[in-house]
Amino acid sequence: MQNIENDTFVKEIFELAKSEEVARMADKAISEFKSKYDIIELRESEIFNVLNACYIAKRFFGKSRYWISQKLNHNIKNGRAATFTPEEYAKLKHAIETIALELQALSDKM
């Protein structure tokens, strides 16, 4: 049995995959996919037009909608703009990823 790492064809494929041409082709394919399925890239400021911030605040942080609203809008609190701590950003990222997986699972059942 031949070792796949020594196969010349496999080596050529790996080298090609590293090329700028393949990267451009991948970018083009992704752009075409997004256009075909009307996929947009949401900015952080737009994410809560799609997701319910109150739900995320309660489920993932145990906080109120006012708490998350202050953080998202950078309201002044105690003389400083309210922002997420690095730990809170990590938790928010996890929350969005969890919801994405749950939505995907629901979509798959339809």
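All figures in this text were calculated on a predicted structure; none of them were measured in a lab. Hydrogens, waters and symmetry mates play no part in the numbers below; they use all other heavy atoms, side chains included.
When the shell of 6.0 Å around CZ of Arg59 is examined, it contains more than 12 heavy atoms from other residues, nucleotides or ligands.
Atom CG of residue Leu72 and atom CD1 of residue Ile56 lie 8.5 Å apart, to the nearest 0.5 angstrom. The OG1 atom of Thr85 sits 3.5 Å away from the CD atom of Glu88 when rounded to the nearest 0.5 Å. In this structure, CG on Leu92 lies 9.0 Å from CG on Leu51, to the nearest 0.5 angstrom.
Electrostatic pairing of Lys91 and Glu87 does not count as a salt bridge here, judged by no charged N lying under 4.0 Å from a carboxylate O.
The heavy-atom pair separating Ser64 from Ala57 by the smallest distance is O-CB, 3.4 Å. Taking every heavy atom of both residues into account, His74 and Thr83 meet most closely at ND1-CG2, 3.4 Å. Here the shortest heavy-atom pairing between Ala82 and Gln70 reads CB-O, 3.6 Å.
The main-chain N or O of Asn75 is never found under 3.5 Å from a side-chain atom of Asn73 such that the two would form a donor-acceptor pair.
Contact check for Lys58 versus Lys63: no side-chain heavy atoms found under the 4.5 Å cut-off. Taking the side chain as every heavy atom from C-beta outward, Gln104 and Asp108 approach each other to under 4.5 Å. Residues Phe60 and Ile99 have side chains in contact (heavy-atom distance under 4.5 Å, counting atoms from C-beta outward). The shortest distance between side-chain heavy atoms of Glu102 and Thr98 falls below 4.5 Å.
Note on ring orientation: taking the six-membered ring where Trp is involved, the planes of Phe84 and Trp67 are perpendicular (angle over 60°, cut-offs 30° and 60°).
Under the 4.5 Å side-chain heavy-atom criterion for grouping Ile, Leu, Val, Met, Phe, Trp and Tyr, Phe61 is not connected to Tyr66 through any hydrophobic cluster.
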